[in-house]
Amino acid sequence: MKRPKISIIICSIEAGKFARISESYKYLLAGHPLEIIGIHDAKSLAEGYNRGIQQSTGDILIFSHDDILIIDPDFPEKIISRLESYDVLGFVGTSRLITSTWFGAGQPYLHGVVSHARPKGAKLSINILGVSDWPVIGDIKAVDGLCMIAKREVATGIGFDATTFDGFHLYDLDFSFSAYRAGYKLAVCCDIPIIHESTGQFDSKHQEFASRFISKHGDFLDAPTPEENRRDRQITPEGRATLLPDYHALLRTWRPEVLKRTTAAIRRKILTAS
Amino acid sequence: MNSGSTPRQHLFDRPHRPYYIYAPPYTRTSAGIKALHLLCHALNLSGEEAYVTTDSTDPRLRTPQLHDRAMQKHQLLGLEPLVVYPEVVHGNPLEGRSVVRYVLNRFGMLGGPASYHPSDLLLAYSEDLIPAGLDSLPLFLPTVDVNLFNNENNEHDNCRSGTLFYPGRYGDAINQHQELARTSTIITYSWPTSHEELAALLRRSSVLYCFTYSAIALEATLCGCPVVFMPSPFNKEIFSVKEMGTGGFTFENTPEGIAKARETIGEPQESYKRKEQTFWHDLEKFIAVTQSMPIQDKPRFPPRFGNGPYNGANSWLELGIAEFQAGEMEAAIEALSASIEEAPDEPLAYAYLAFICAAQGLADDAGSFIAQTRSLAPQRHDLLAALGESFLKAGDPVAAQHYLEEAIAAQPDMFMAYPAFAEALRQNDLAQQAIQILSAAAGIESGSREAILDDLVAMLVARGDLSTLSAVCLRARHYAHYHSLGIRLMTRTATSSKRVDEEVRHYLDKHLPGHHLASLKRLSRSHRSPLTIAFVVNNFRREQQSGRLEALLQHLPAEQFITVILDNDPATEHTETRHRCSLLSDHWRSISQQGDPVAAQELSALAPDILIDVDGIGARHRLGLLHLASAPLKGAWSDIPLSHSGIAQIIGQAMLTGEPGELPSTRTIALPDLGEVYCLPAIEAEARATHDTVALGCLTPAIQVCADSWRLYASLLGCLPDSTLTINLDELSTPAEEFIVDIFKAAGIDPTRLKFIHARTNEELCRAWNDLNLGLAPLYGAGDMALPTALWMERPFIALDSDQPWSRRPSALLRLVGLQHLIATSPDDYLPLIHRLSQEKIERQLRRGLEAAGLTEAAYFADEFGKAVSQAYLQRTR
């Protein structure tokens, strides 16, 4: 059976980072038809990704940050088989969207796991949002943009809204939620360890794009409950995190029994508190 | 910007005196540091010449770094600089002759001196900071950027939501106010990462709970966010009240208090605008006053003590001692020399000069000074001892021993000198003598007894001398921790069960008074599900090796058990297991710094149904907490029975003998087989060499192996001329190696036949076993992870059969994997067994045996454990 071609689209303005992530994907996807498209002068992430879509020829499109590392030798097989059941895959996301952040609804609607590494940091963190099922969680409405994997027809059909999101925020939420609204099926992969060398903090421009997101999608968001209205909207994802000494420890922790039991603890605490 | 009122000078006027501002590297998160940099910036904007002493500045500010060329130029022009220090700086490091102290916080609050030289000009950031009676010049410097921190055009102002939580320096705030912290957004020094983000947060939040008074409080009110000052050691007083008022602030965390703060939220915004305008006027005044400041003589010494304290000292001697203690040796020498000039008969000045000489390696000079001291104060043997300690700290144990010995000989009851003397002896390779000295001193009641005991125990632990250590600990049985350590050590030596049992009873009677009543008491609690089970964990490194705790946290069904970790491990470097357990457990409490009553009180909020100390009786156990805490079922995972204590013994069935002396089943929670589970590494076992040389290994950590075992092994080596023995020192080092080597030497064994390793993890143990072909379990005790790792690596070991529950594990392990023929009934059996084994090929796959026994099945283990404790809980509450 013919293997699908995979296009990796990366907006990057740092040559070193681009070289590193390209090499990483080449290694990860060795033996698979592959093209890596670098966009080095993007006006916004949405604009850059749109250009990448136009240039791409792959059956599967991966929109990737340049500061991530995926550690799973079975990555290509996993995404290819999962895209038979789903249309868009992410690594962390939500099954309930009530505001302009993917994690705004809080628990128990957050799903996935991500590791963070700080530049020059001695340790890795593991941030567990929720792993109620393994290895994939469906019924997702939006995913974080550190790495989004989509079928070609979804990417070309939905595209990125470079007019509204002409900066570096909320392009991911808009893309994934638009796909959801268009009837595509989204999922979060829990069994693929991924390290993000950034913590994705907000800056002052986030608010501006949040307003634009609400204007565009507000009518289609989930209605917040009175409890959610009373509670301040989350400004960081609600989950559990700890620091681990190294990569080996990360892999020893990234196991279903650890992640599922941690999820039970997170959700029990939320339940008890409420 | 400059107010424009500063008169311009003529082109050829003499330039103004420059300002040298002693500023730490710029950081946006410290208002004090910002104030220093902004002062420099404002002075330069006002036409003055100002520098900061750091190269780390905000590029947006005009804050040049002070460099040599500028200083040379000022010297050439005869411009005496005006040196500005923040109040935290001790002394006058730039040796300024006109000194300004910018008081940005309470004197001494952040570690600075409590008072200053009378000629220093005090510049007050807030008048609240200056004690009554002291003159100062006001200079409130508006450090907050109101372009960001304001409440103008704020669409969120009428619909603010969410609360903020700022612990600041009060690290315990989150623990103390968990609910508030959980429902609030927590602000730290590193998050939000920018002022813009912080301002955005403050503009939309309804209240800031503040535990440390700092600039964030003012920033919040300027953004229209009321501030509740919560009880904290860092909130005891707030300042800038005279400048800014208290609008927007409240100390009452009540709806009324917050409402009142909200009503007055506009006041600071108005005050701040006013202060921004008056700043430039105050700065002009500051410039005028400072430019005409007198130039002091360059002081070699503080000028006159009569006029007030200098750095808190009231005499040359006091100053000299203070400088010595601060490590300022040059200044100390000058002050002490001045003291001798003033009062030549004062012995302390000579003594401190001797200490300084010792610290600098000048032994002869130290000798001269201490001789002078002794001639003035022949009874002050303590000064002699102190000189010895100085030499010890300076790395000269020979001189240290000399002076300490002399001091103790002159005054044998000077017990405080014994630990240093013993340490000097130890460093001079006289460890045995050091132990004798400390042992003798430890037997005498004195104020230094506990310190002496601590040193003695540390020295014995380092040697791995279990018998002596056990005896010392038991002599110190009035200290609970030594008593329990002594009991644990007894189980690793040839002590009878009866003797251990007596000591346990003694321990319980003395340290857990009323424990026997607890065994009768039933806590009526209606059956509930899930059960809350709390584990007291004393050593995460050990848990990482055993895999037991992680197995339970992962596999105890969440619907049946709520798990709590009571972290009693004081280690600062956290293991991987500790981190993973923090993810897995439902609740986590740190108790290593808490006494038993406080920990029990805090634990009551979680109302545990089952409370278990996973280490049973031992050096760091918390049986006192178990005794005080309220829980229907309490257990100690222990091979030492805790008879009649009300604390059930959790133990593997294989460790029970079924003898009549054992505890009745109602007081034990018996787990299947060994009651253990192992998480062992996927390291391939290499084929066992069957060559002539017998490579023996005792990889149980040396601290768990008694001298009797070493003697037995020495006799085995004596009978097996080509054999070698590998010994695992684990965390011990040279002193233990020397102790063990001495035993083998005494038996006529060449020490080159011994190999010492440090295997601390299961991986290291497994790799070490690959180089050996036969293991030896210690005669007494459980043998630790060395034994299962031996079997995992297909290495058989020989163990002595035992009736004592704490010594049954090695033979129980052998039985489980079908190697019962390797169980010796007496030490005499070891040699024939070795002969047999060195020829025999072990067909049985030992790794598979461990797996078949379920010892590597975490889920099975947790399931069995869950069933056993649930049943015990039901029995206890029924």
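Letters A, B, ... are given to chains in the order of the sequence lines, protein chains preceding strands, and every chain is numbered from 1. A quick note: this is a predicted structure, and the numbers were derived from the prediction, not measured. Just so it is clear, the values below take in all heavy atoms, side chains as well, and ignore hydrogens, waters and symmetry mates.
- Atoms CG and OG1, on B:L584 and A:T262 in that order, are 4.5 Å from each other to the nearest 0.5 Å.
- Most heavy-atom pairs under 4.5 Å with chain A, from the set B:I562, B:L553, B:T563: that is B:I562.
- Checked by atom type and distance alone, the side chain of B:H579 pairs as donor or acceptor with a backbone atom of A:L243 at under 3.5 Å.
- Side chains of A:R261 and B:L556 form no contact here, defined as non-hydrogen atoms less than 4.5 Å apart.
- Annotation: maximal heavy-atom pairing with chain A below 4.5 Å, among B:H587, B:H555, B:E550, B:E576, occurs at B:E576.
- A donor-acceptor contact shorter than 3.5 Å links the side chain of A:R268 to the backbone of B:A558.
- Between A:R267 and B:D586 there is no salt bridge, since no side-chain N of the basic residue sits under 4.0 Å from a carboxylate O of the acidic one.
- At a heavy-atom cut-off of under 4.5 Å, chain B is reached by A:A249, A:R252, A:T253, A:R255, A:E257, A:V258 from residues 247-260 of chain A, listed in order of number.
- For the pair B:S582/A:R240, no side-chain contact is recorded, criterion being any heavy-atom separation below 4.5 Å from C-beta on.
- Heavy atoms of other residues, nucleotides or ligands lying less than 6.0 angstrom from CD of B:E684 number 12 at most.
- The side-chain hydrogen bond (donor to acceptor under 3.5 Å, both in side chains) test applied to B:N153 returns no partner, not counting sequence neighbours.
- The number of heavy-atom neighbours closer than 6.0 Å to CG of A:D139, taken from other residues, nucleotides and ligands shown, is 12 or below.
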